2 protein chains.
Amino acid sequence: MSGGNTDVPLLVATPLAERVPVAEYGGCPVTGLFHRLGDKWSLVTLVLLGQRPHRFNELHHRIEGVSQRMLTRTLRALESDGLVHRTVFPTVPPSVEYALTSSGAALLTPLSQVAQWAVDHRASAER
Amino acid sequence: MSGGNTDVPLLVATPLAERVPVAEYGGCPVTGLFHRLGDKWSLVTLVLLGQRPHRFNELHHRIEGVSQRMLTRTLRALESDGLVHRTVFPTVPPSVEYALTSSGAALLTPLSQVAQWAVDHRASAER
DNA sequence: CAGGATCCCCAAAGATACTG
DNA sequence: CAGTATCTTTGGGGATCCTG
């Protein structure tokens, strides 16, 4: 194999055999991640939380067009992925704070590399 | 603002106003890109093409489980995004070669940063 | 060999209304 | 304030057959 392992780094976390047995949807964790973050609200939510923690209605107001249901689902998904931490303050009325976990914060850096590429190459993914 | 612009780099290519008017699906080019690459076959296709150019049936055989229709659609999408270049050799029977464009090749590097994060944090995005 | 055309299915997105 | 419940719609994904 003449040791050419620097040109195309691992991307699917497998040695990429001759035949790639993409088991199911998330056979590759990166594909799974992209599928998750590729929905309508995940990235903007992550970015806002990257600025500072937010309460539910703060996010709801800052992200124009998102419904309560979609915001809830997005936050729950990010939470179950370990990207976002949810803190409930048992006050009346209830108050919930969302913040990035260390994992989530760590993700923003590689994400910004992709963002830079997108800006440079104008990958509009139009339509 | 005490010049703290290195902690959370731009990710949505906007200044992130108080209220983010996520126009539509691809209000943010990065979200659009993730949405595109988050489908079932785009990433594995990109990675294989990152190794070397492939012909259609080569890809069809190496990516287990993909149908002709899905492979065609995936390649067409990647092509219209400027990530993949399609070369038709007017032989009989016809032969078509797919290769990464320079943009596509340039994308693999930031992508691998995300992949590294996914591997480190095991973001399985399970279920 | 490399696809285009057609039909079907189901998971996920979204709107709206209601509640602890 | 911060959600859940219910319903409807959308479109990604796949199977199959046909063709330049």
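Everything numeric here is computed off the predicted structure, so don't read it as measured data. Letters A, B, ... are given to chains in the order of the sequence lines, protein chains preceding strands, and every chain is numbered from 1.
Across the protein-nucleic acid pair, B:Phe89 atom CZ and C:dA2 atom C1' stand 14 Å apart, rounded to whole Å. Remark: P of D:dA2 and NE2 of A:His61 are 10 Å apart, rounded to the nearest angstrom. If you measure from atom CG of A:Leu71 to atom C1' of C:dA15, you get 15 Å, rounded to the nearest angstrom. Here the C1' atom of nucleotide D:dA2 and the NE2 atom of A:His60 are 10 Å apart, to the nearest Å. What separates CD of B:Glu64 from C1' of D:dG14 is a distance of 16 Å, to the nearest Å. With rounding to whole Å, A:Asp39 atom CG is found 14 Å from D:dG12 atom C1'. Taking atom NE2 of B:His35 as the reference point, atom P of D:dT10 lies 15 Å away to the nearest angstrom. A:Met70 has its CE atom 15 Å from the C1' atom of C:dA17, to the nearest Å.
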_Worked verdict on B:His35 versus A:Lys40 for side chain to side chain contact (heavy atoms under 4.5 Å, CB included)_ = CA-CA 8 Å; B:His35 188 71; A:Lys40 202 166 174 176; over 6 Å; no
*Could you walk me through whether B:Leu59 and B:Leu75 pass the side chain to side chain contact (heavy atoms under 4.5 Å, CB included) check?*
CA-CA 10 Å; B:Leu59 290 172; B:Leu75 289 167; 4.0 Å; yes
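Using a 4.0 Å cut-off, no side-chain N or O of A:Trp41 falls inside it from OP1 or OP2 of C:dA12. OP1 or OP2 of C:dA2 lies within a sub-4.0 Å distance of a side-chain N or O belonging to B:Arg55. Regarding contacts with the backbone of D:dG12, every side-chain N or O of B:Lys40 stays at 4.0 angstrom or more from both OP1 and OP2.
With respect to B:Val114, the side-chain contact (heavy atoms from CB on, under 4.5 Å) criterion is satisfied by exactly one of A:Leu37, A:Thr109, A:Leu111: A:Leu111.
For B:Pro93, the listed nucleotide lying nearest its side chain is C:dC1; candidates were C:dA15, D:dG14, C:dC1.
Listed here is the closest heavy atom pair of B:Pro53 and B:Glu58: O-OE1, 4.3 Å. Closest of all the heavy-atom pairs between B:Leu107 and B:Leu83 is CD2-CD2, 4.0 Å.
Ring geometry for B:Phe56 versus B:His60: interplanar angle of 30 to 60°, hence tilted.
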*Let me have a per-nucleotide readout for nucleotides 3-10 of chain C, 5' to 3', with B, S or -, counting only protein heavy atoms under 4.0 Å.*
BS-B----
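Residues A:Asp81 and A:Leu33 have side chains not in contact (no heavy-atom distance under 4.5 Å, counting atoms from C-beta outward).
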